[in-house]
Protein chains: 2
Amino acid sequence: MDPDAKPIPIQPVDRPAAGVDAIRIACSSCSLRDLCMPVGLTDEEMHRIDSVVTARRKVKRGGSLFRQGDRFESLYAIRTGFFKTCLSAPGGRNHVTGFQMAGELLGLDGIVGEQHGCDAVALEDAEVCVMPFDQLGDFAREVEALQRHLHRVLSREIVREHGVMLLLGGMRAEERVAAFLLNLAQRLHARGFSRTELVLRMSREEIGSYLGLKLETTSRAFSKLAEEGLIEVRLRHVRILQPEALQRMVDHPSWR
Amino acid sequence: MDPDAKPIPIQPVDRPAAGVDAIRIACSSCSLRDLCMPVGLTDEEMHRIDSVVTARRKVKRGGSLFRQGDRFESLYAIRTGFFKTCLSAPGGRNHVTGFQMAGELLGLDGIVGEQHGCDAVALEDAEVCVMPFDQLGDFAREVEALQRHLHRVLSREIVREHGVMLLLGGMRAEERVAAFLLNLAQRLHARGFSRTELVLRMSREEIGSYLGLKLETTSRAFSKLAEEGLIEVRLRHVRILQPEALQRMVDHPSWR
DNA sequence: CGAGATGTTGACTTACTTCAATCGAGGTGG
DNA sequence: CCACCTCGATTGAAGTAAGTCAACATCTCG
């Protein structure tokens, strides 16, 4: 089920892999810099950050970057690919707590307790930057901008989860799916993709788990939204036809 | 509806209020220190923290410590009393995101965005320590232990919300209430109260909002648990009769 | 091409909501 | 002191959204 779980080769910075991707690891020249890192760093500070991000790691589709209970040592910044984070509760049950894309951080819930609090599974072949947390902390004590950035990233995750709680606590199936699609589209758009056309990387079951719905209910909600002319769906391809109408659903849910 | 919303008098450290509570503000001599602050600080560092916590603030039952949209300037550590945090979504709807008690921090979701992301409402007369976040940050850059502590507090909140998402996403009413009661009892017990006997500070409606249930459903769940002999309920007084059985409900929910 | 995974749809069941009536505790004023 | 009121909690009956079970369609990949 999980072909390449743990022993994934680390790509050291001073010995880049051969081939097309043999680029030196450097945040200073990374196109995602504005997403992961604070803006307005001096060259000196930027150079220092380059020394914190020591390695990259590739994760194949279906493989885990880390698992619940693994020793926490690093945060990971996604360079390419798409992840889900999920909790495995006792009894074989499983709950998706989020989906993450390029430029977003993984592992924040591991800081307390020294071990990862969830699984991070790649939904497509992915590559991440490894950021040893001790070094990140050392550096954050020297550079206020980085410290502030770290605090904001943590706080943003708290706010994001508030939104999910709102969704789980008081929206009906179609509204949840609408919120999910708008959120995804907005994040993809911030990365230069279409605001209205998206390809889902996850199954109906994974979406359902995230939204607190069964897969059948999720599927029905997609169909209903399509029937109402708000979206166009064919399997994992979704086109948002009436973003304002979807937004209205999210802003004015029918109860609570 | 809200007798003392905004203009609550600040109690400066160098001019303590007259009367029984005329104690110098000092984390170093605070009984809740182990809950709010990292352990193992030197006297010097402890003294420095005392200079960060510059003021206390009293909030009457029903009053707000801060409101969604207020400018974020400080974190607050609860000294006495009990709070709820709630999001007011457009349309007059309202959702409780958490309940906080002595020794816990309020305002973490305000760090990103420079403004508070929720309302913090006192469920009983309360007093908090005001910790200006800029100063806290300055100090965290000097003392690694404080920095680590801050990171852990933020991370812990993320983990806590994961638990709530699990609850909202996949448990039935009775299981949610069981989880809620056990969590409350555990936190109260860590503060020296009984592990089995508790007085709820919040209404059925507020509990329901937190758990994603209507107040009637919440009430029914309480009654059912009582009927099954797991708890004893009289209004807001709850006695936990079979903690293990409750724990089993939480560990082995019937679906998802 | 065929097998297995993934997605859709229908019929039925269930858990929660909704609406409404009742009860009891706490507070106020005659 | 008690009648009265209000608010929160409880309980019942009816309605509904989502879950469950199952059949079928469609895509993917060896």
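In what follows, chains are A, B, ... by sequence order, proteins preceding strands, each numbered from 1.
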Where the side chain of A:Glu216 is concerned, which of D:dT20, C:dC16, C:dG7 is the nearest nucleotide?
-> D:dT20
Atom-pair distance (CD on B:Glu227; C1' on D:dT11), nearest Å = 11 Å
Look at the aromatic rings of A:Phe66 and A:His116 and report parallel, tilted or perpendicular, splitting at 30° and 60°.
-> parallel
Donor-acceptor pair (no angle test) under 3.5 Å: B:Arg220 side chain, C:dT18 base | yes
A:Arg172 CZ to C:dC16 P, in whole Å, measures 16 Å
Roughly how many Å is it from NE2 in A:His237 to P in C:dT8, rounded to a whole number?
-> 12 Å
Quick one: is the NZ or CZ of A:Arg201 closer than 6.0 Å to the six-membered ring centre of A:Phe99, and within 45° of its axis?
-> no
Is the distance from OP1 or OP2 of D:dT11 to the nearest side-chain N or O of B:Ser223 less than 4.0 Å?
-> yes
Rounded off to whole Å, could you give me the CG-to-P distance for the A:Leu235 and C:dT9 pair?
-> 11 Å
B:Glu174 CD to C:dA15 P, straight-line distance once rounded to whole Å = 10 Å
Out of D:dT10, C:dC16, D:dG19, whichever nucleotide has its closest atom nearest the side chain of A:Leu213 | D:dG19
Return the value, rounded to whole Å, for the distance between atom CZ of A:Phe222 and atom P of C:dT8.
-> 8 Å
How long is the line joining NZ of A:Lys214 and C1' of D:dA18, in whole Å?
-> 11 Å
Passing candidate, salt bridge (Lys or Arg N to Asp or Glu O under 4.0 Å) with B:Glu104, options B:Lys84, B:Arg191, B:Arg79, B:Arg160 = B:Arg191
Between the CG atom in A:Leu154 and the CG atom in B:Leu108, the distance rounded to the nearest 0.5 Å is 9.5 Å
Of B:Arg236 and A:Arg234, the one whose closest DNA chain D nucleotide lies more 5' = B:Arg236
Does B:Thr217 have a side-chain nitrogen or oxygen under 4.0 Å from the phosphate oxygens OP1 or OP2 of C:dC16?
-> no
When you look at CD of B:Glu205, are more than 12 heavy atoms from neighbouring residues, nucleotides or ligands closer to it than 6.0 Å?
-> no
NZ of B:Lys224 versus C1' of C:dT14: gap in Å, rounded?
-> 13 Å
